Amino acid sequence: MPQYWLMKSEPDEVSIDDALAAPDATVAWTGVRNYQARNFMRDGMKVGDGVLFYHSSCPEPGIAGIARVASGIQPDPTQFDPKSPYYDAGAKKEDPRWLLVDVQALRKTRLLALPELRAKPELADLVILRKGNRLSITPVEPAHWKVIEKMLA
DNA sequence: GCCAACGTTGGC
DNA sequence: GCCAACGTTGGC
């Protein structure tokens, strides 16, 4: 049973175009620094799961592409890099605190911007649309995935 | 730049 | 374990 996820990326850092241009269209999802989001990766994600590639903190936030989970979890190397903005002085090599998965972009879609998503009553419970939600990785219910696929068809 | 809504930290 | 203060996220 495939699972579905929504993963936020700031297009200034990694946009859907950047991901598609990467080798194998695959990028390591570095920089997750929230335990709940990390636990979704650790406890819920499987290779092949569907991913909605979401652009956040940009002029037009919204779903910008479709991707898939392309690897199991691995330690996020940026936690050990003092020069990285994601450096975590408290993380130990033998017991990594932060994890990542590889994400393979499958295709760029037309931008499904927030107002369009909010206009769909069927998506009212989509986690990303709920008030105050800030999680960078959230599960997406199969029914929601279907609605979004239909919007993109 | 503002600010609401969270998450984290640290004193007690 | 509580909770105030602080930091961050992210849409607008």
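The basis for the numbers below is simple: all heavy atoms, side chains too, and nothing from hydrogens, waters or symmetry mates. Everything numeric here is computed off the predicted structure, so don't read it as measured data. Here is the naming used below: chain letters follow the sequence lines, and residue numbers restart at 1 for every chain.
If you check every strand for non-hydrogen atoms under 4.0 Å, A:Q36 touches sugar and phosphate atoms only.
A donor and an acceptor atom, one from each side chain of A:E149 and A:W145, are located under 3.5 Å apart.
Here the options are A:D76, A:D81, A:V14, the test is side-chain contact (heavy atoms from CB on, under 4.5 Å), and the partner is A:T30; only A:D76 passes.
The phosphate of B:dC6 (OP1 or OP2) has no side-chain N or O of A:Y35 nearer than 4.0 angstrom. Dashed line: the shortest gap from a side-chain N or O of A:K8 to OP1 or OP2 of C:dT9 is not under 4.0 Å.
Distance A:L114 CG to C:dG10 C1': 10 Å, rounded to the nearest Å. Between A:R134 atom CZ and C:dT8 atom P the separation is 11 Å, expressed in whole Å. Protein atom CG of A:D88 is 12 Å distant from nucleotide atom P of B:dT8, rounded to whole Å. Rounded to whole Å, atom C1' of C:dG10 lies 8 Å from atom CD of A:E10. The interatomic distance linking A:L129 (CG) with B:dA5 (P) rounds to 16 Å, in whole Å. Distance, A:I128 CD1 to B:dC6 P: 13 Å, rounded to whole Å. Summarising the geometry, the separation between CD1 on A:I137 and C1' on C:dT9 is reported as 15 Å, rounded to the nearest angstrom. For the pair A:K131 NZ and B:dC3 C1', the interatomic distance rounds to 13 Å; values are reported in whole Å.
Listed candidates were C:dG11, B:dA5, B:dG7. Nearest to the side chain of A:N34 is B:dG7.
Residues A:Y4 and A:V69 do not share a hydrophobic cluster, clusters being chains of Ile/Leu/Val/Met/Phe/Trp/Tyr side chains in contact below 4.5 Å.
Between A:K108 and A:D17 there is a salt bridge, with a side-chain nitrogen of the basic residue lying less than 4.0 Å from a carboxylate oxygen of the acidic one.
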